[in-house]
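What follows is a set of notes on a single structure, which appears directly below.
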Amino acid sequence: MSGMDIDKKLAVRTEGLTKQFGKNRLAVDNLDLDIKKGEIFSLLGPNGAGKTTTIKMLCCLLKPTGGTARIMGLDILKNPAKIKQIINVSPQETAVAPHLSVLENLVLVGQIYGLSGREAKRRAYRLIELMSLNERLRDPANKLSGGLLRRLSIAMALISDPKVLFLDEPTLGLDPKSRKTLWSLIRYLRGKKTVLLTTHYLEEADALADRIAIIDQGRLVALGTSEELKRQLGGMQVMTVKADSLSPAAMKNLKKIYPQTAIADSHLIIKAEKLDFNKVVDLLRGEGVKINWLSMKEPTLDEIYLKITGRSRDNEII
Amino acid sequence: MRLFSLAGRNMKEIYRDPISLILGIGMPVLLILLFTSIGKGAPVDIFMVDMLVPAVAIFSFGFLIMFSATLLVKDRQSAFLTRLLAAPLTSSDFILAYILPFIPFALLQIAASMVAGVALGMSFTSGTFYSLAILIPVAVICIGIGMVLGSLFTENQVAAAGSIIIVVISLFSGAWMDLEMVGGIFEKIGYILPFAHAVDASRAVINGAQLSAVSDKLYWIVSYLVVFICAGILSFWWKTKR
Ligand SMILES: Nc1ncnc2c1ncn2[C@@H]1O[C@H](COP(=O)(O)OP(=O)(O)O)[C@@H](O)[C@H]1O
Ligand SMILES: [Mg+2]
């Protein structure tokens with residue numbers, strides 16, 4: 001494929017994108033990413049990984065200290081004015097006008113992006129519908145709960161109908177219910193918009209993104225679909241079996257096939273990259289074991305994330 | 001269009017905050033009522049209503065510093081400004097949108113002081129109008145100071161610095177005491193700053209002097225105006241440049 005063809009398929013391409021603050025704080029380190037048009041792409045990483053800095057550079061708010069990026073074929077160093085017309089961003093902080101109503105906030109952003117008052121209003125009403133903000137339409141933004149504020153913030157980013165939408169930690173600090181609601185709204189955008197979403201919640205990247213880039217200390221450490229990452233990085237499938245009359249012989253035979261077999265809490269636990277369900281069941285039955293209960297768990301990104309970043313996200317201070 | 005949408009938003013943000021209405025407009029009226037009633041018991045020049053009105057108006061511009069700085073610093077800290085900076089707006093859109101909405105607010109402050117003054121017996125003459133030529137530039141100086149604070153400081157720092165400046169204005173403007181009578185360092189500093197010049201000049205004009213008679217004071221004020229507008233623009237630009 002020639003360079004031109006690649007550019008036609010890509011919404012964002014970063015080339016050695018780097019940002020250094022001061023003398024020795026490398027916030028983003030030589031980042032090479034390709035984001036396809038229509039894709040929901042997630043930048044996943046712990047706090048301080050460089051996610052916000054990356055978004056700020058792509059939005060032409062910060063100048064890279066090295067490398068560059070293109071948004072829909074436009075260079076962020078040469079064409080910031082043109083890029084600003086075709087992107088929009090929902091920043092990490094909620095970023096709404098506190099004394100304006102939901103409707104007024106939306107119309108304001110529409111007009112700032114050059115829409116007529118009428119068109120801005122038309123789109124505002126559609127987005128209010130989409131984000132289920134109907135009942136709060138005339139309420140001032142400073143009266144909204146965290147979850148509704150996030151929805152408003154995303155709606156404000158959508159009103160200019162951007163070609164590329166940047167969502168910086170869209171569910172940061174939300175309760176699980178609001179987070180699920182927001183997820184389904186973001187999922188609705190799949191295939192309709194190119195979305196770059198940053199998060200430090202693994203399940204969020206797993207649930208929403210077509211592809212995930214894991215970054216840590218400014219560097220890209222893994223890239224792929226959720227499935228690919230699990231496979232590439234050796235996540236384990238885990239089978240847990242509750243059984244009667246488990247003989248030592250059965251254990252021994254099982255261990256021959258799956259060395260990581262063990263008993264814990266009187267459950268039989270079998271781990272492997274690829275477990276064959278039937279093989280396990282046949283073997284156990286053949287040994288006269290009675291299976292009472294059985295569960296199978298796919299590998300999670302959790303283990304991988306932990307392995308890569310070397311720390312648990314639970315320890316993070318949000 | 002883009003400029004007016006943003007300026008309109010900033011205007012709503014000010015006028016919908018009850019604190020800004022109470023402090024910015026209610027306070028000068030209250031001060032005029034208070035001091036004229038004190039003046040009845042103790043007839044001092046500064047408590048005469050036509051002396052009081054311009055002084056109170058200028059003092060009330062201190063709140064303009066507070067409001068314009070607070071609007072800007074809150075937008076910075078809530079990242080609302082980030083959203084705006086990511087939008088296709090020009091630098092002049094930003095700067096004007098954060099200055100213009102405060103001018104009608106300053107006019108309201110002046111009007112409130114004057115209406116209270118006239119109600120208490122101030123005569124309404126052509127000099128009342130001419131005083132606008134002094135008062136409005138002082139208001140713009142204050143908006144400029146607000147932009148500097150709002151661009152460079154945090155919300156707490158803005159609150160502290162704003163209060164200090166309000167105290168400075170009341171001490172060094174000659175609004176509540178005759179600087180020439182106090183003399184010394186107060187008089188010196190007072191006449192280095194623009195506020196005492198503005199109080200003197202607007203008092204003179206309201207009491208029948210021509211603007212040309214206070215032209216030296218007007219130049220002093222306009223110089224400060226230029227300096228603080230530039231400082232406001234520069235600090236905003238410096239803080240938001242990429
Ligand atoms: N304006 C700045 N000046 C200095 N250091 C900064 C600045 N912005 C971010 N950093 C640093 O850069 C690193 C990446 O920050 P950021 O991009 O905000 O991370 P994330 O969004 O992934 O949490 C952090 O170490 C942070 O402290
Ligand atoms: Mg961040």
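These values consider heavy atoms only, across backbone and side chains, with no hydrogens, waters or symmetry-generated copies. Sequence lines set the chain letters: A, B, ... in the order given, protein chains first and strands last, and positions in each chain run from 1.
Note that CG of Leu61(A) and NZ of Lys241(B) are 13.5 Å apart. Values are rounded to the nearest 0.5 Å. The distance from atom OG of Ser78(B) to atom CG of Asn142(A), rounded to the nearest 0.5 Å, is 11.5 Å.
Nearest heavy-atom pair across Ala79(B) and Ala95(A) is O-CB, 3.4 Å. The two residues Ala97(A) and Glu13(B) make their nearest non-hydrogen contact at CB-OE1, 3.4 Å. Listed here is the closest heavy atom pair of Leu100(A) and Arg9(B): CD1-CG, 3.4 Å. Of all non-hydrogen atoms in Asn105(A) and Phe80(B), the two that sit nearest each other are OD1-CE1, 4.3 Å.
Of the listed residues Cys59(A), Pro91(A), Ala120(A), the one with more heavy-atom pairs under 4.5 angstrom with chain B than any other is Pro91(A). Ranked by heavy-atom pairs under 4.5 Å with chain B, the list Ala157(A), Ala81(A), Ser153(A), Ser160(A) is led by Ser153(A). Here Gly114(A) is the residue among Ser90(A), Gly114(A), Gly117(A) with the most heavy-atom pairs under 4.5 Å with chain B. Here His99(A) is the residue among Lys56(A), Glu93(A), Lys82(A), His99(A) with the most heavy-atom pairs under 4.5 Å with chain B. With respect to chain A, the highest number of heavy-atom pairs below 4.5 Å among Lys12(B), Arg2(B), Gln77(B) belongs to Arg2(B). If you tally non-hydrogen atom pairs under 4.5 Å between each of Ala86(B), Ser5(B), Pro88(B), Gly8(B) and chain A, the highest count goes to Pro88(B).
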Quick one: side chains of residues 25-33 of chain A, donor-acceptor pairs under 3.5 Å with protein atoms, not counting sequence neighbours, listed by atom name and distance.
from     : atom 1 : to        : atom 2 : distance (Å)
Asp29(A) : OD2    : Arg219(A) : NH1    : 3.1
Asp32(A) : OD1    : Gly16(A)  : N      : 2.7

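For Glu104(A), the part lying near chain B is the side chain, with the backbone staying farther off; criterion is any non-hydrogen pair under 4.5 Å. Within the 4.5 angstrom heavy-atom criterion, only side-chain atoms of Leu84(B), from C-beta onward, approach chain A. Within the 4.5 angstrom heavy-atom criterion, only side-chain atoms of Leu89(B), from C-beta onward, approach chain A. Proximity to chain B is absent for every atom of Val107(A), based on heavy atoms less than 4.5 angstrom apart. In this structure, chain A has heavy atoms under 4.5 Å from both the backbone and the side chain of Asp17(B).
For Phe35(B), the CZ atom counts as densely surrounded, since its 6.0 Å shell holds more than 12 non-hydrogen atoms of other residues, nucleotides or ligands. A 6.0 Å sphere centred on CZ of Arg122(A) holds more than 12 heavy atoms belonging to other residues, nucleotides or ligands. For Ile19(B), the CD1 atom is loosely surrounded, since the number of other residues' heavy atoms within 6.0 Å does not exceed 12.
No side-chain heavy atom of Ile112(A) sits under 4.5 Å from any side-chain heavy atom of Arg83(B).
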- request: Apply side-chain contact (heavy atoms from CB on, under 4.5 Å) to the pair Leu6(B) and Gln111(A), showing each step before the final yes or no.
  value: CA-CA 9 Å; Leu6(B) 183 56; Gln111(A) 289 182 324; over 6 Å; no
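Without hydrogens or angle criteria, Lys74(B) side chain to Pro98(A) main chain gives no donor-acceptor distance under 3.5 Å.
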